[in-house]
Amino acid sequence: EKQGVKVSVNDMVIKAAAIALARVPEANASYTPEGIALHKHADIAMAVAVPGGLITPIIRAAETKGLAQIATEAKDLAERARTKKLKPEEFQGGTFSISNLGMFGIKSFASIINEPQGAILSVGAGEKRPVVRGDQLAIATVMSVTLTCDHRVVDGATGAKWLAAFKPLIEDPLNMIV
């Protein structure tokens, strides 16, 4: 915020997802009639509600960008999506999608995959829940996510491997900068 940029939870989810895709490259894939296409960059499509449905503008090569840059791009893309000012290349060709309904208080849900992508992450609301730390009961803010996979592209084991890479990044965002 000191630099005039406000980073949202969604921006952190985008960055964590992109890093996890870089660490588990077999999850950054799409289905084609010729076979599975593996992608070099994590082009993260983020669902934005618009009149009459959704559109998914893309943060290109998100694994190479800092949180401030992701926040700036995401805000700009979402605003232009709502005003119907996106160019086709700004919403076509993503490699992985994120749908976040947490801001509506939705705890958990499952999204439908945007073909030909291999997976989509559904992000629920962060809420205070009881957790066990060591032998003690504590209260922590917990967010539920659901990964939906096209098993022709990303099977359950690969999806679990990706979630295992994503979890420590989102639980401790400092892990995204080391």
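In terms of heavy-atom proximity, Ile44 sits nearest to Ala62 at CG1-CB, 3.8 Å.
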message: Does Met46 form a side-chain contact (heavy atoms from CB on, under 4.5 Å) with Asn100? I'd like the steps, not just the answer.
response: CA-CA 8 Å; Met46 56 178 196; Asn100 185 345; over 6 Å; no
message: Using side-chain contact (heavy atoms from CB on, under 4.5 Å), reason through Trp162 and Phe96 one step at a time and then give a plain yes or no.
response: CA-CA 12 Å; Trp162 182 87; Phe96 184 92; 3.7 Å; yes
- request: Could you check Val145 against Phe166 for side-chain contact (heavy atoms from CB on, under 4.5 Å), going step by step and ending with a plain yes or no?
  value: CA-CA 10 Å; Val145 299; Phe166 175 80; 4.3 Å; yes
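We find that Glu26 and Lys161 are joined by a salt bridge, their nearest charged nitrogen and carboxylate oxygen being less than 4.0 Å apart. Ion pair Arg129/Glu127 flagged as a salt bridge, since at least one NZ, NE, NH1 or NH2 atom sits closer than 4.0 Å to an Asp/Glu carboxylate oxygen. Using a 4.0 Å cut-off between charged side-chain N and carboxylate O, Asp76 and Arg80 make a salt bridge.
Annotation for Glu79: atom CD does not count as buried by contact number, only 12 or fewer foreign heavy atoms lying within 6.0 Å. Summarising the local packing, CG of Leu137 is surrounded by more than 12 heavy atoms from other residues, nucleotides or ligands at distances under 6.0 Å. Environment of CD in Glu115: sparse, with no more than 12 heavy atoms of neighbouring residues, nucleotides or ligands closer than 6.0 Å.
Using modelled atom types, no side-chain atom of Asp11 and backbone atom of Leu67 make a donor-acceptor pair closer than 3.5 Å. Asn28 places no side-chain N or O within donor-acceptor distance of the main-chain N or O of Leu21, the cut-off being under 3.5 Å. Remark: the backbone N or O of Ala68 is paired with a side-chain donor or acceptor of Thr72 at under 3.5 angstrom. Side chain of Glu90 to backbone of Lys87: a donor-acceptor contact under 3.5 angstrom is found. Looking only at distances, no side-chain donor or acceptor of Ser99 sits under 3.5 Å from a matching main-chain atom of Ser111. Under a 3.5 Å cut-off, the side chain of Ser108 and the backbone N or O of Gly124 do not form any donor-acceptor pair. Put simply, the side chain of Lys65 gets close to the backbone of Arg60: a donor and an acceptor are under 3.5 Å apart. Between the side chain of Gln117 and the backbone N or O of Ser97, at least one donor-acceptor pair lies under 3.5 Å. A donor-acceptor contact shorter than 3.5 Å is absent between the side chain of Lys107 and the backbone of Gly126.
Residues Ile98 and Ile120 have side chains not in contact (no heavy-atom distance under 4.5 Å, counting atoms from C-beta outward). Taking 4.5 Å as the limit, every side-chain heavy atom of Val5 sits out of range of all side-chain heavy atoms of Gln69. Residues Asn114 and Thr56 form a side-chain contact, since some pair of their non-hydrogen atoms from C-beta on lies under 4.5 Å apart. Contact annotation: the side chain of Pro130 never approaches that of Ile139 to less than 4.5 Å [non-hydrogen atoms, C-beta and beyond]. Between His41 and Thr95 the shortest side-chain heavy-atom distance does not fall below 4.5 Å.
When each of Val13, Val9, Val123 is checked for a side chain to side chain contact (heavy atoms under 4.5 Å, CB included) with Ile170, only Val13 meets the rule.
In this structure, CG in Asp43 is found 10.0 Å from CD1 in Ile59, a value given to the nearest 0.5 Å. For the atom pair CG of Leu169 and CE of Met12, the computed distance is 12.0 Å after rounding to the nearest 0.5 Å. Interatomic distance, Thr32 OG1 to Arg152 CZ, rounded to the nearest 0.5 Å: 10.0 Å. Atom OG1 of Thr158 and atom CG of Leu163 lie 11.0 Å apart (nearest 0.5 Å). Note that CG of Leu86 is 6.5 Å distant from CZ of Phe91, once rounded to the nearest 0.5 Å.
In this structure, Leu54 is not a member of the same hydrophobic cluster as Val48, with clusters built from ILVMFWY side-chain heavy atoms closer than 4.5 Å. Under a hydrophobic clustering in which Ile, Leu, Val, Met, Phe, Trp and Tyr are joined whenever their side-chain heavy atoms come within less than 4.5 Å, directly or via other members, Phe109 and Met103 fall into the same cluster. No single ILVMFWY cluster, assembled from side-chain heavy atoms under 4.5 Å apart, contains both Val154 and Ile113. With hydrophobic clusters built from ILVMFWY side chains whose heavy atoms lie under 4.5 angstrom apart, Leu147 shares a cluster with Val24.
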